[in-house]
Amino acid sequence: MPNIQQLVTEKTDSTTISYFLLRQLIGILGILLPFALIIFGGRLQPSLSHYYYSFSHTIFIGTLASLSTFLITYKGEYRIENWLANIAGVCAAGVAIFPTNVKGFIGTKFISLPISAESSHLTNALHYGFATALFICFALFCAVVFQKPDKNEIIDDKKRMRNRVYRICA
């Protein structure tokens with residue numbers, strides 16, 4: 001029977017499961033976001049950012065807030081992985097906090113929000129700056145971080161196949 005000291009210091013696989021589950025959840029949210037916005041937003045908009053003004057506003061902001069939270073709390077095995085996750089998390093929050101300009105929104109029915117950002121070039125620039133940095137971080141995750149082997153991971157055909165998918169996504 002293990003003593004108290006062993007129970008306190010012994011590691012379990014739950015952190016590994018959470019780590020992989022968190023990675024998958026971030027990916028699933030990112031992949032499903034455009035489809036959810038198009039399905040619930042009514043019309044095809046010029047950019048994902050314009051769904052901020054549609055009835056799928058809650059999906060847009062909620063997903064970005066979730067991504068931001070997951071990315072900031074994500075702790076990977078490599079220092080670059082942690083840095084990229086933190087930067088991407090801040091950028092996801094920035095995209096949600098600073099909406100794009102309403103000009104370009106397609107449709108006459110949009111949710112009633114105070115549109116103070118309509119004439120602000122700074123807010124628009126911040127929005128697209130954060131969005132660009134977020135997509136660059138996602139590309140770096142796919143091109144560099146996710147292709148590295150995890151500790152004690154054997155590089156087999158399954159890992160090689162995943163790496164091909166990551167290269168395509170990048």
Side-chain angles (χ1 to χ4, degrees), residues 1-42 44-52 54 56-98 100 127-170:
M1 183 166 170
N3 64 29
I4 297 294
Q5 183 64 28
Q6 286 175 322
L7 290 174
V8 171
T9 59
E10 189 175 305
K11 288 188 176 185
T12 66
D13 285 342
S14 66
T15 55
T16 304
I17 293 168
S18 300
Y19 168 78
F20 288 116
L21 185 62
L22 192 55
R23 265 187 180 182
Q24 289 176 338
L25 191 55
I26 290 168
I28 289 168
L29 282 174
I31 290 168
L32 291 181
L33 178 62
F35 299 106
L37 292 175
I38 291 167
I39 290 168
F40 297 108
L44 194 60
Q45 295 297 327
S47 74
L48 292 179
S49 299
H50 283 91
Y51 284 98
Y52 178 88
S54 75
S56 60
H57 168 86
T58 307
I59 295 169
F60 182 68
I61 298 301
T63 302
L64 287 171
S66 298
L67 281 173
S68 178
T69 303
F70 290 145
L71 287 164
I72 290 171
T73 60
Y74 176 82
K75 299 299 172 223
E77 293 185 37
Y78 302 100
R79 186 174 290 181
I80 189 166
E81 192 173 6
N82 294 328
W83 274 95
L84 276 176
N86 288 331
I87 292 167
V90 169
C91 289
V95 171
I97 292 168
F98 300 104
T100 187
H127 174 83
Y128 284 111
F130 281 123
T132 301
L134 178 62
F135 283 115
I136 289 170
C137 287
F138 285 161
L140 288 172
F141 265 113
C142 291
V144 179
V145 176
F146 290 160
Q147 293 189 47
K148 289 184 174 192
D150 293 326
K151 289 180 184 174
N152 303 322
E153 182 180 24
I154 299 168
I155 303 202
D156 56 3
D157 290 337
K158 196 174 177 181
K159 174 66 176 167
R160 286 185 191 92
M161 182 61 150
R162 277 197 318 267
N163 285 350
R164 274 187 233 132
V165 172
Y166 290 139
R167 281 192 295 277
I168 291 168
C169 289

query: Under 3.5 Å, side chain of T132 to main-chain N/O of Y128, donor-acceptor pair present?
result: yes
message: Suppose we screen for side-chain hydrogen bond (donor to acceptor under 3.5 Å, both in side chains). Which residues come up paired with S47, at least two apart in sequence or across chains?
response: H50
query: Looking only at heavy atoms, what is the nearest atom pair of L134 and A88, with distance?
result: CD1-O, 3.3 Å
- prompt: Is a side-chain donor-acceptor pair under 3.5 Å present for Y52 with T100?
  reply: no
message: Nearest 0.5 angstrom please: I38 CD1 to S56 OG, how far?
response: 9.5 Å
statement: The reported gap from CH2 in W83 to CD1 in I80 (rounded to nearest 0.5 angstrom) is 11.0 Å
query: More than 12 non-hydrogen atoms from neighbouring residues, nucleotides or ligands closer than 6.0 Å to CG on L32, yes or no?
result: yes
- prompt: At what distance, to the nearest 0.5 angstrom, does CZ of R167 lie from SG of C142?
  reply: 11.5 Å
- request: Could I get the full list of ring-ring contact (aromatic ring centres under 6.0 Å, His included) partners for Y51, not counting sequence neighbours?
  value: none
message: Within this structure, what is the CG-CG distance for the pair L64 and L48, rounded to the nearest 0.5 Å?
response: 9.0 Å
- request: Check L71, V145, V144 against L84 for a side chain to side chain contact (heavy atoms under 4.5 Å, CB included) and give me the one that passes.
  value: V145
message: Using every non-hydrogen atom in the two residues, find where S49 and F60 come nearest and quote the distance to one decimal.
response: CA-CZ, 3.9 Å
Over all atoms of both residues, closest heavy-atom pair of A96 and I61: O-CD1, 3.7 Å
- request: Could you give me the CA-CA distance, side-chain angles and deciding distance for V90 and S68, then say whether side chain to side chain contact (heavy atoms under 4.5 Å, CB included) is met?
  value: CA-CA 6 Å; V90 169; S68 178; over 6 Å; no
Residues in salt bridge (charged side-chain N to carboxylate O under 4.0 Å, His left out) contact with R162, at least two apart in sequence or another chain: E153
message: Check whether E81 reaches the backbone of K75 with its side chain - one donor and one acceptor, N or O, closer than 3.5 Å.
response: no
message: My understanding is that only residues two or more places apart in sequence, or in another chain, count here; which of them pass side chain to side chain contact (heavy atoms under 4.5 Å, CB included) with I39?
response: none
field: Residues in side chain to side chain contact (heavy atoms under 4.5 Å, CB included) contact with L33, at least two apart in sequence or another chain
entry: L37, I59, T63
field: Qualifying residues under salt bridge (charged side-chain N to carboxylate O under 4.0 Å, His left out), relative to D157, sequence neighbours excluded
entry: R160
